[in-house]
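These notes concern the structure reproduced below.
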Amino acid sequence: MTARRIAVPVLAVIVFLALWELLVWANGWPTYKMAAPSDLGPAFAKYFDLFLIYGWQTLWRTVAGLALAVVFGVAVGMVMGFSRTMRDALYPLLVGFNAVPKATVVPIVALMFVGWHDFNTVLIAFMISFFPIAVSVSIGLSTLEPEYRDILRSLGASQSTIFWKIALPKTLPEFFGALKVAVTLAFIGTNLMEIVSPHGRGLGALFDSGKTNSDYPLMFAVLIALAVLGIVLYYMVVILEKTFAGWAERPAG
């Protein structure tokens, strides 16, 4: 079963790359118009040191923003989940903020914190991944069956006991589902800031450099590097989900 789970996605990636290579070859596109997978190896080799340095910068900023989103998202979600008044008050604000395209927020943050590239990059990663976590925790807690609370209270359980024994386990599936979405969103936020910021660094800045020099192999190599980082971080969340909420997974029919 484990071998199949590894082989199937690897095979899918190979088929994707083969179709991509075939598309470029069939249309006769030069590298300044469309890079093929066979063009990416030389680009990775040429800029290997930059990929290591900038890849690490992108990764740690993304993880930092995601970690802040988890902390504040869980806190806000708990407040909304346990209090209908707070839920009614905060939901419109969260929805309204999330509806604003982050591409329009990035230049504002970049100008507000000029020279604070690490801070504004982490901030955007946090802002763009906060919403799904807060909402998922809120929904998980607000839909907790009241019968469970009543039974535990009749047995003398405290509010904290109810949270740890019933509310928290019930919320974990929704939380990890939102976290897997937030991982990709955090990378989007990080790279938007790295591209837009006048002091941008990281893979986003490397992509922008490739765009400036019309270096398509470099640009596509950056995209592949971002995809790999996103996949690695995603499957780290999957491992955590199986560890802490594996009981909620149902076998496919």
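The first residue of the sequence shown is numbered 1, and numbering continues consecutively from there. None of these values were measured; they are calculated from a predicted model.
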Mind listing the closest non-hydrogen atom pair of N27 and L23 along with its distance? ND2-O, 2.8 Å
Would a hydrophobic clustering, with Ile, Leu, Val, Met, Phe, Trp and Tyr connected at side-chain separations under 4.5 Å, put W25 with W20? no
Transitively linked via ILVMFWY side-chain contacts under 4.5 Å: V237 with V232? yes
From L52 CG over to F48 CZ, what is the distance, rounded to the nearest 0.5 angstrom? 4.0 Å
Quick check: closest heavy atoms across H117 and M193, and the distance to 0.1 Å? CE1-O, 4.1 Å
Under the side chain to side chain contact (heavy atoms under 4.5 Å, CB included) criterion, do L223 and F220 qualify, and how do the steps go? CA-CA 5 Å; L223 295 181; F220 278 93; 4.2 Å; yes
What do you reckon, is CZ of F44 surrounded by more than 12 foreign heavy atoms closer than 6.0 Å? yes
Answer yes or no: is there a donor N or O on one side and an acceptor on the other, between the side chain of T212 and the main chain of D208, under 3.5 Å? yes
Is it true that T62 and T190 share a donor-acceptor pair across their side chains at a distance under 3.5 Å? yes
Evaluate L123 against F126 for side chain to side chain contact (heavy atoms under 4.5 Å, CB included), listing each step before the verdict. CA-CA 5 Å; L123 178 61; F126 158 75; 4.2 Å; yes
Walk me through whether L218 and Y47 qualify under side chain to side chain contact (heavy atoms under 4.5 Å, CB included). CA-CA 8 Å; L218 174 59; Y47 300 101; 3.7 Å; yes
Which heavy atom in M80 sits nearest to a heavy atom in R87, and how many Å separate them? O-NH1, 2.6 Å
Stepwise side chain to side chain contact (heavy atoms under 4.5 Å, CB included) check, R201 with D118: CA-CA 9 Å; R201 297 187 299 275; D118 289 340; 3.4 Å; yes
With a 4.5 Å cut-off on side-chain heavy-atom distances among I, L, V, M, F, W and Y, is there a chain of contacts connecting L240 to V70? yes
Using the rule that two of Ile, Leu, Val, Met, Phe, Trp, Tyr join whenever any of their side-chain heavy atoms come within less than 4.5 Å, decide whether I231 and V183 are in one cluster. no
All heavy atoms of G230 vs all of F187, minimum pair found to be CA-CE1, 3.7 Å
How far does OG1 of T184 sit from CG of L226, to the nearest 0.5 angstrom? 12.5 Å
Are V238 and F176 close enough that some pair of their side-chain heavy atoms sits under 4.5 Å apart? no
Spacing of OG1 belonging to T58 relative to CD belonging to E194, to within rounding of 0.5 Å: 3.5 Å
Would you say that more than 12 heavy atoms from the other residues, nucleotides or ligands in this model lie under 6.0 Å from the CZ of F72, or not? no
Is the gap between the ring centers of W29 and Y216 under 6.0 Å? no
For A221 against L40, the heavy-atom pair lying closest together: N-CD2, 3.8 Å
From L179 CG over to L172 CG, what is the distance, rounded to the nearest 0.5 angstrom? 11.0 Å
Could you state the interatomic distance from CG (L66) to CG (L59), rounded to the nearest 0.5 Å? 10.5 Å
Between S136 and F175, what is the shortest heavy-atom contact and its length? OG-CA, 3.8 Å
Measure the spacing between CG of D39 and CG of D215 and express it to the nearest 0.5 Å. 10.0 Å
Stepwise ring pair (Phe, Tyr, Trp, His ring centres under 6.0 Å) test for F131 and F97: CA-CA 9 Å; F131 180 78; F97 175 77; 8.8 Å; no
Check the hydrophobic clustering (I, L, V, M, F, W, Y; side-chain heavy atoms under 4.5 Å; chains of links allowed) and say if V135 and V95 are grouped together. yes
